[in-house]
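Below is one structure, written out as structure tokens; the observations come after it.
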There are 2 protein chains.
Amino acid sequence: MNLTIKDIARMAGVSVSSVSRVINNSKPVNDHIKEKVEKVIRETNFRPNAVARGLISKSTNLIGVILPQINYISAELINGIEGVANKNGYNIILSNTRLNPDLELNALQLFKDKQVDGIILSSIDMSERHIQLIQDNKIPVVVVGQKTTDYAIPWVDVDNYRPITEIVRYLMRCGHEKIGMIHGPLIDKSAGDSRYRGFIEEMERKNLSVNPKFVGESNFSSKDGYLAMEKILKCEDIPTAVVCASDTIAIGAKNCAEDLGYRIPEDISIVGFDDIELATLVRPKLTTVQVCFETMGSKAMETLLQSIEFKPVNIENYLDYRLIIRDSVKVVADDLGTKI
Amino acid sequence: MNLTIKDIARMAGVSVSSVSRVINNSKPVNDHIKEKVEKVIRETNFRPNAVARGLISKSTNLIGVILPQINYISAELINGIEGVANKNGYNIILSNTRLNPDLELNALQLFKDKQVDGIILSSIDMSERHIQLIQDNKIPVVVVGQKTTDYAIPWVDVDNYRPITEIVRYLMRCGHEKIGMIHGPLIDKSAGDSRYRGFIEEMERKNLSVNPKFVGESNFSSKDGYLAMEKILKCEDIPTAVVCASDTIAIGAKNCAEDLGYRIPEDISIVGFDDIELATLVRPKLTTVQVCFETMGSKAMETLLQSIEFKPVNIENYLDYRLIIRDSVKVVADDLGTKI
DNA sequence: GTTTAATGTGAAAACGTTTTCCTAAAAGGG
DNA sequence: CCCTTTTAGGAAAACGTTTTCACATTAAAC
């Protein structure tokens with residue numbers, strides 16, 4: 001039904017090999033043969049079958065992308081990945097693991113079966129089995145949003161610890177001392193655990209005690225942020241500022257506080273993390289840490305490309321970040337002479 | 001380097017065909033052969049190469065998804081598509097066309113080369129060339145977010161006209177007469193043109209004149225929504241309510257109005273369209289039209305599946321919608337006895 | 001007990017390319 | 001003018017599966 005390279009060869013009166021050579025110009029062919037073939041290809045709109053090509057060339061021009069969920073942060077990440085993939089002739093194939101680590105392993109396997117040229121993995125928790133499978137598969141992998149330095153698997157991530165320490169110092173300089181935090185799931189080493197440790201340890205370093213009642217946990221959703229904030233605010237004593245592990249949490253927390261009659265930032269200051277678009281759309285605009293997930297994606301894809309082409313790659317890739325001061329933190333003391 | 005079915009056959013002491021039969025259980029094989037083969041497969045962790053499979057079976061278990069951009073609405077759409085695709089053993093492969101119709105054609109071609117089993121196309125404007133290519137390719141296609149009834153290509157979309165007429169009627173019942181609209185690009189027949197026509201025509205039907213100064217255009221972004229609202233509000237006379245073609249536009253418009261000192265909804269009422277998560281996170285919560293994009297995705301994928309399996313399909317697939325009344329519209333007159 | 005049907009198995013063809021291998025012709029060197 | 005080297009192009013092998021075909025062997029039918 002569909003034309004094959006054999007049909008083209010017959011119609012042009014040349015051999016199959018010559019047609020292939022013209023298509024890929026892999027070897028010099030005589031001009032008059034070349035013209036004949038190109039004419040037939042043009043007239044028939046022939047396009048070589050990519051599957052057959054893949055079988056023999058071992059390359060599918062496909063990049064597997066494994067994500068724990070598909071939300072607007074993933075969307076930005078995908079944007080970054082797709083951008084540089086597309087520019088280099090690759091398409092991306094998606095697997096949503098719905099926060100289930102077993103499905104991550106499945107996806108890893110499946111992508112190997114499908115002979116993808118490389119994989120970008122956003123794992124929620126890199127287990128031994130992950131590492132094992134990645135090393136057995138012998139397909140280039142880049143991990144995003146987690147750090148896997150011990151195993152020589154390249155990764156791209158923000159420093160999740162330092163920005164939070166900067167936030168704590170910033171809040172202190174604004175005059176806050178009773179500071180709380182709503183963190184994410186601690187199984188998540190990066191966005192969960194690291195951000196939390198950054199908070200706890202910086203508070204200790206500054207000799208500020210952390211009231212356990214000022215600390216809540218959430219799964220990064222606005223709803224959970226709302227609930228965690230509710231728990232914090234129903235106590236006798238409440239914090240003057242709450243650090244949130246993500247903007248989504250922060251928005252939830254903000255809405256809760258407002259629903260309970262508190263004004264932001266006059267009564268309670270809130271700071272987020274990620275700087276998603278939402279942070280600028282909400283009022284007051286959210287003070288937060290800017291992390292560009294699109295850059296995360298493009299950087300990951302660039303690293304993967306290098307790995308695919310056997311070029312040397314950096315294992316550790318830290319993303320830039322920036323404290324973005326907007327309107328959700330109240331300045332109590334006025335000793336902000338120098339900017340951070 | 002990697003094991004092939006031949007190696008398995010050799011190790012199990014049987015023929016290649018038998019191994020294939022065991023793997024696919026496509027034909028009955030003797031138990032003792034079956035056991036031998038299964039043992040070897042288990043011990044070696046053998047997995048058949050999907051590319052070779054695809055070459056002969058003509059099926060790759062891949063669904064091509066063509067999107068004009070990747071934002072949070074796409075994310076929900078993808079979620080829906082991926083969910084049912086995954087449940088049926090398919091993976092999705094993505095193409096971002098960056099609002100460029102030529103790239104849509106490219107993607108259509110490319111996906112054919114890659115022998116995908118089906119395509120979901122979110123086009124911004126279905127041209128003759130689109131139709132031609134889709135019909136030539138002979139690959140099942142489902143269009144989302146546009147209507148292509150004339151060409152027997154199945155589509156899934158909301159009715160964009162009626163909800164807007166309902167909004168207009170709702171606003172009237174709330175006592176509004178000076179109503180404006182910020183619509184989307186009119187090239188977009190669905191979310192752009194239809195929603196706009198719904199507004200204009202319903203206003204006419206109700207004998208309400210539309211002040212041209214109350215009408216603005218935007219590209220669905222919050223920023224553009226802000227700008228369009230700014231233009232409207234800088235006039236002498238301003239509307240009491242503004243219908244927006246999307247929630248993103250509405251949020252932009254809302255922020256603009258607030259920045260200019262107007263209160264929502266006391267001074268100006270605003271209504272959106274789509275009901276993205278943002279609509280509930282913003283204060284006042286946005287009155288809007290609920291459209292579930294995840295459902296749009298899953299419905300599209302279900303339709304595509306039927307098409308792939310040569311089952312009869314509905315060409316026209318309207319999505320449910322619902323007017324969601326929240327807090328961004330002020331009730332002036334109090335004749336809301338019956339609910340819409 | 002013979003004929004027919006059903007069943008299990010392996011060899012080989014097929015899928016649509018790229019690449020290797022070979023041969024014939026052209027070019028170059030003495 | 002002969003021998004070697006280069007070049008161009010075709011035939012065929014290869015990629016890793018599934019499926020067809022042919023052939024036994026066994027079971028069923030009369």
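Naming convention: chains lettered A, B, ... in sequence-line order (proteins, then strands); numbering from 1 in each chain.
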Identify the residue among Ile93(B), Ile63(B), Leu108(B), Val65(B) that makes a side-chain contact (heavy atoms from CB on, under 4.5 Å) with Ile119(B).
Leu108(B)
Among Val143(B), Val142(B), Leu121(B), Val144(B), find the residue that satisfies the side-chain contact (heavy atoms from CB on, under 4.5 Å) test when tested with Trp155(B).
Val143(B)
How many whole angstroms separate atom CG of Asn25(A) from atom P of dG9(D)?
14 Å
To the nearest Å, give me how far apart CG (Asp31(B)) and C1' (dG8(C)) are.
12 Å
Rounded distance [0.5 Å steps], CG in Leu305(B) versus OG in Ser298(B):
11.5 Å
Distance (rounded to the nearest 0.5 Å) between Leu3(B) CG and Ile8(B) CD1
5.0 Å
Ser18(A) side chain near dA8(D) phosphate (N/O to OP1/OP2, under 4.0 Å)
no
Below 3.5 Å is the cut-off: list the nitrogen or oxygen pairs between protein and nucleotides 11-18 of chain D, distance only.
residue, atom, partner, partner atom, Å
dA11(D), N7, Ser17(A), OG, 3.4
dA11(D), N6, Ser17(A), OG, 2.9
dC15(D), O3', Lys58(A), NZ, 3.2
dG16(D), OP1, Lys58(A), NZ, 3.2
dT17(D), OP1, Asn49(B), N, 3.0
dT17(D), OP2, Ile5(B), N, 2.7
dT17(D), O5', Asn49(B), N, 3.4
dT18(D), OP1, Asn24(B), OD1, 3.1
dT18(D), OP1, Asn24(B), ND2, 3.0
dT18(D), OP1, Arg53(B), NE, 2.8
dT18(D), OP1, Arg53(B), NH2, 3.3
dT18(D), OP2, Ser20(B), OG, 2.8
dT18(D), OP2, Asn24(B), ND2, 3.3

Val37(B) side chain near Val29(B) side chain, heavy-atom distance below 4.5 Å:
no
Using side-chain heavy atoms (C-beta onward) and a distance below 4.5 Å, is Phe46(A) in contact with Asp7(A)?
no
Between Val29(B) and Lys27(A), just flag the one whose closest nucleotide in DNA chain C comes earlier from the 5' side.
Val29(B)
If the test is side-chain hydrogen bond (donor to acceptor under 3.5 Å, both in side chains), which one of Glu128(B), Gln132(B), Gln135(B), His130(B) qualifies with Tyr151(B)?
Glu128(B)
Nucleotides 25-28 of chain C: which of its N/O atoms have a protein N/O under 3.5 Å away?
none

Arg53(A) vs Asn24(A), test: side chain to side chain donor-acceptor pair (under 3.5 Å). Steps then yes/no.
CA-CA 11 Å; Arg53(A) 259 186 169 170; Asn24(A) 306 291; 2.9 Å; yes
